[in-house]
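Structure record follows, encoded as structure tokens.
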Amino acid sequence: IVRVISVDTEQKNMTLSMKGLRPKRHAEGDVTPFDNIAPDQWLAGTVAYVARWGAFVTVTAPNSDATVDGLLAVSEIQDGYLENAQDK
């Protein structure tokens with residue numbers, strides 16, 4: 001489960017988190033359907049790809065079929081230090 005922290009429709013960026021608020025991370029695709037999601041709303045997602053520095057998670061906008069892959073940075077996976085996202 002991830003949260004949409006912020007959406008920038010002009011830059012096509014979407015920030016995801018599994019914990020508290022952090023700086024922006026980038027998403028791929030049309031992020032417009034995610035524009036009005038509150039930072040405290042959690043969304044279920046599917047991990048599409050895992051790398052050492054984070055994971056791309058496919059999330060679906062509430063009340064919509066719109067999906068986007070957003071970067072869940074390693075720093076957003078848990079509180080405290082996690083060197084490699086593949087370890088989680």
Side-chain angles (χ1 to χ4, degrees):
I1 296 177
V2 296
R3 294 183 302 122
V4 175
I5 300 301
S6 67
V7 174
D8 183 338
T9 55
E10 289 181 20
Q11 296 294 318
K12 297 183 180 178
N13 293 336
M14 184 168 73
T15 304
L16 303 176
S17 180
M18 290 176 64
K19 58 179 199 137
L21 299 176
R22 295 288 181 185
K24 289 187 176 183
R25 302 292 184 242
H26 301 287
E28 295 295 326
D30 180 15
V31 297
T32 306
F34 298 86
D35 194 32
N36 294 318
I37 296 176
D40 62 349
Q41 183 173 353
W42 292 84
L43 303 176
T46 302
V47 175
Y49 175 78
V50 178
R52 183 170 190 241
W53 39 268
F56 282 93
V57 178
T58 304
V59 292
T60 303
N63 304 315
S64 172
D65 292 331
T67 63
V68 70
D69 287 346
L71 173 60
L72 177 61
V74 69
S75 63
E76 296 298 326
I77 294 174
Q78 69 179 30
D79 289 322
Y81 181 72
L82 178 64
E83 181 176 338
N84 187 335
Q86 295 170 327
D87 293 341
K88 198 68 176 163

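Keep in mind it's a predicted model, so treat the numbers as computed, not measured.
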Any chance you could measure T46, atom OG1, to F56, atom CZ, to the nearest 0.5 Å? 15.0 Å
Taking only residues two or more places apart in sequence or in another chain, which ones pass side-chain contact (heavy atoms from CB on, under 4.5 Å) with T9? V7, V31, T32, D35
Side chain to side chain contact (heavy atoms under 4.5 Å, CB included), that's the test. Do V59 and V68 meet it? Break it down for me. CA-CA 6 Å; V59 292; V68 70; 4.0 Å; yes
Is any side-chain heavy atom of D69 less than 4.5 Å from a side-chain heavy atom of Y49? no
V4 side chain reached by M14 side chain, heavy atoms, under 4.5 Å: yes
Are the side chains of L43 and F34 in contact, using a 4.5 Å heavy-atom criterion? yes
Any donor-acceptor pair under 3.5 Å linking the side chain of R3 with the backbone of P39? yes
Could you pull out the closest heavy-atom pair between A55 and V47, with the gap in Å? CB-CG1, 4.2 Å
Stepwise side-chain hydrogen bond (donor to acceptor under 3.5 Å, both in side chains) test for T15 and S6: CA-CA 5 Å; T15 304; S6 67; 3.1 Å; yes
Got a sec, which residues hit side-chain contact (heavy atoms from CB on, under 4.5 Å) with E10, two or more places apart in sequence or on another chain? D8
Taking all non-hydrogen atoms of both residues into account, name the closest pair between G45 and V57 and its distance. CA-CG1, 3.8 Å
